[in-house]
Amino acid sequence: SGCHIHQELLHRTLPYLTYLTICGYSFTGEGRLISPADMPLIQLAGEYQAAPIMRLRPTDQDGCYSPDLAGSLLSSSGIQGRLLANILTMMERKGYMGLDIDFELIPKGLAESYLAFLDKASALLHDSGFLLHITLPIAATPAESLMYDAPDYAAIAPAADLLTLNAWGGGGQVSPAAPFPLVRQIAEQGAGLTGAEKLLLGLPNYALSWALPHEPGVSYPIALSNQQAPALAAKHGTHIHFEEGLASSTFLYAGPKETRRVWFQDARGLEQCFDLIDRLAIRGLSCWNLHRAFQQSWSFASARYNIEKLV
């Protein structure tokens with residue numbers, strides 16, 4: 001969750017959360033921590049016994065992942081030391097329970113330095129009584145492999161208390177945000193490499209609306225909430241079809257300029273994902289993100305599982 005989430009929506013969601021991961025933390029090339037206005041979120045999380053987790057992500061001025069900033073940090077033990085000291089001070093002052101390190105891609109030649117940084121962070125955090133979560137880096141595409149190292153999930157896992165493995169992306173095709181065959185493949189591979197007991201399966205909390213005909217690399221989908229999608233189908237009087245193989249629901253409707261294909265998630269698709277989590281004995285589920293309402297998912301999860309509270 002970011003710092004600009006609607007407060008009413010957060011009030012409705014926090015009862016179902018073990019952790020609230022707060023985004024917006026980055027750093028400068030010298031190791032100074034850049035922090036968002038997060039105290040209202042931390043205080044609200046405490047009211048609902050959701051443990052606040054600080055997410056650290058190297059970003060540029062536009063909020064996009066910065067491999068250059070990641071490389072500067074991983075190349076300097078001095079910058080790492082300053083940054084980690086600043087993080088510990090900030091976590092103690094604000095009342096965080098843990099840190100989530102989110103490096104989307106590992107710059108070329110720095111895979112060992114990345115592992116060493118995780119080990120250093122793990123030792124310092126654990127000595128001070130904090131948790132370490134790691135959002136696992138994504139695998140580089142063949143084109144990106146010239147610039148980025150392949151992540152070694154098995155080597156990353158020992159440093160972390162929890163690992164988030166994000167399972168989404170349809171490769172630019174007209175598809176759901178998280179087609180189930182892809183989710184299953186990522187989950188099975190991740191559990192086999194890291195062990196399921198530390199693993200959180202990351203799923204997207206949004207539907208996708210695609211213009212037809214789709215032009216790869218030219219047209220891109222529009223995101224909407226999983227609650228908005230069936231309301232949109234009802235508004236246009238169109239039939240909703242559940243695609244069993246993809247564990248997603250879909251419909252077509254005529255927009256003002258073009259026909260659109262919408263893919264969204266509902267309880268039927270969630271059930272397949274939860275069955276997968278149970279079969280692999282994965283620790284839990286991570287949701288990206290909380291900016292869109294999807295009460296059905298929280299109600300369904302709480303009916304099926306006991307939501308752990310750590311605060």
Side-chain angles (χ1 to χ4, degrees), residues 1-4 19-38 41-42 52-91 93-94 96 98-125 130-141 143-153 155-157 159-166 168-169 200 202 204 286 288-289 291:
S1 169
C3 288
H4 305 292
Y19 303 99
L20 178 67
T21 302
I22 298 174
C23 301
Y25 278 88
S26 188
F27 52 91
T28 68
E30 296 77 38
R32 181 175 63 84
L33 190 62
I34 299 171
S35 62
D38 52 351
L41 287 181
I42 295 170
I53 303 295
M54 174 195 294
R55 172 167 286 173
L56 181 73
R57 192 168 189 263
T59 56
D60 59 23
Q61 292 180 337
D62 297 322
C64 299
Y65 179 73
S66 172
D68 290 339
L69 186 58
S72 296
L73 176 68
L74 297 179
S75 300
S76 170
S77 60
I79 296 174
Q80 292 173 27
R82 284 193 294 275
L83 177 61
L84 290 171
N86 290 333
I87 287 171
L88 285 171
T89 299
M90 186 72 73
M91 291 173 69
R93 180 162 68 83
K94 291 190 172 182
Y96 275 101
L99 175 71
D100 175 43
I101 296 177
D102 180 9
F103 280 39
E104 187 173 315
L105 291 160
I106 305 169
K108 196 70 176 178
L110 292 176
E112 291 300 321
S113 299
Y114 170 71
L115 293 174
F117 173 63
L118 296 180
D119 288 340
K120 183 187 297 187
S122 178
L124 287 171
L125 290 164
F130 294 110
L131 300 172
L132 176 60
H133 294 189
I134 298 172
T135 298
L136 291 165
I138 60 175
T141 65
E144 292 171 335
S145 63
L146 298 175
M147 301 170 58
Y148 302 106
D149 282 341
D152 186 343
Y153 290 170
I156 292 169
D161 297 292
L162 284 178
L163 302 156
T164 298
L165 180 60
N166 292 325
W168 60 73
L200 301 179
S286 176
W288 177 263
N289 53 40
H291 290 277

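Partners of Ser35 according to the side chain to side chain contact (heavy atoms under 4.5 Å, CB included) rule, which considers only residues two or more places apart in sequence or in another chain, are Tyr25, Met90, Lys94. Ile138 is linked by a side chain to side chain contact (heavy atoms under 4.5 Å, CB included) to Glu104, Leu105, counting only residues two or more places apart in sequence or in another chain.
Relative ring orientation between Phe103 and Phe117 is described as tilted, the plane-to-plane angle lying within the 30° to 60° band.
Taking the side chain as every heavy atom from C-beta outward, Ser72 and Phe27 never approach each other to under 4.5 Å. Between Ile106 and Tyr114, some side-chain heavy-atom pair lies under the 4.5 Å cut-off. Side chains of Asp102 and Tyr65 form no contact here, defined as non-hydrogen atoms less than 4.5 Å apart. Thr59 places none of its side-chain heavy atoms less than 4.5 Å from the side chain of Leu69. Put simply, the side chain of Met54 reaches to within 4.5 Å of the side chain of Tyr96, judged on heavy atoms. In this structure, Thr135 and Asn166 have side chains that are in contact, with non-hydrogen atoms separated by less than 4.5 Å. You'll find the side chain of Leu56 reaches within 4.5 Å of the side chain of Leu99, heavy atoms only.
Annotation: Glu112, atom CD; neighbour count of heavy atoms from other residues, nucleotides and ligands within 6.0 Å does not exceed 12.
Pro151 and Pro137 make their closest contact through CG-O, 3.7 Å (heavy atoms, listed as atom of the first residue, atom of the second, distance). The two residues Tyr148 and Ala140 make their nearest non-hydrogen contact at CB-CB, 4.1 Å. In this structure, Pro107 and Pro67 approach most closely via the heavy-atom pair CG-O, 3.5 Å. Between Ala121 and Ile101, the closest heavy-atom pair is CB-CD1, 3.9 Å.
Note: Ile134 CD1 to Thr164 OG1 = 10.0 Å, rounded to the nearest 0.5 Å. Atom CE in Met91 sits 4.5 Å away from atom CZ in Phe130 (nearest 0.5 Å). Atoms CD1 and CD1, from Ile53 and Ile22 in turn, are 9.0 Å apart once rounded to the nearest 0.5 Å. If you take CG on Leu162 and OG on Ser286, they are separated by 9.5 Å, rounding to the nearest 0.5 Å. Note that OG1 of Thr28 and CG of Leu33 are 9.0 Å apart. Values are rounded to the nearest 0.5 Å.
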Side-chain donor-acceptor pairs under 3.5 Å in residues 78-89, sequence neighbours left out?
unit_1, atom_1, unit_2, atom_2, d
Gln80, OE1, Lys120, NZ, 3.2
Gln80, NE2, Leu73, O, 3.0
Gln80, NE2, Leu74, O, 3.4
Arg82, NE, Glu30, O, 2.9
Arg82, NH2, Glu30, O, 3.4
Asn86, ND2, Gly31, O, 2.9
Asn86, ND2, Arg82, O, 3.2
Thr89, OG1, Ala85, O, 3.0

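Between the side chain of Asp161 and the backbone N or O of Leu132, at least one donor-acceptor pair lies under 3.5 Å. Of the possible polar contacts, one joining the Ser26 side chain to the Arg57 backbone as a donor-acceptor pair under 3.5 Å is found. At distances below 3.5 Å, not a single donor-acceptor pair connects side-chain atoms of Asp38 with backbone N or O atoms of Leu41. The backbone N or O of Asp62 sits less than 3.5 Å from a side-chain atom of Asp60, completing a donor-acceptor pair. In terms of modelled atom types and a separation under 3.5 Å, the side chain of Ser122 and the main chain of Leu118 share no donor-acceptor contact.
At a cut-off of 3.5 Å, with distance as the only test, no side-chain donor of Asp100 or Thr21 sits close to an acceptor on the other residue.
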Discussion item. What verdict does the side-chain contact (heavy atoms from CB on, under 4.5 Å) test give for Ser75 and Leu110, after you've listed the backbone C-alpha separation in whole Å, the side-chain angles of each residue and the deciding distance to 0.1 Å?
Written reply: CA-CA 8 Å; Ser75 300; Leu110 292 176; 3.9 Å; yes
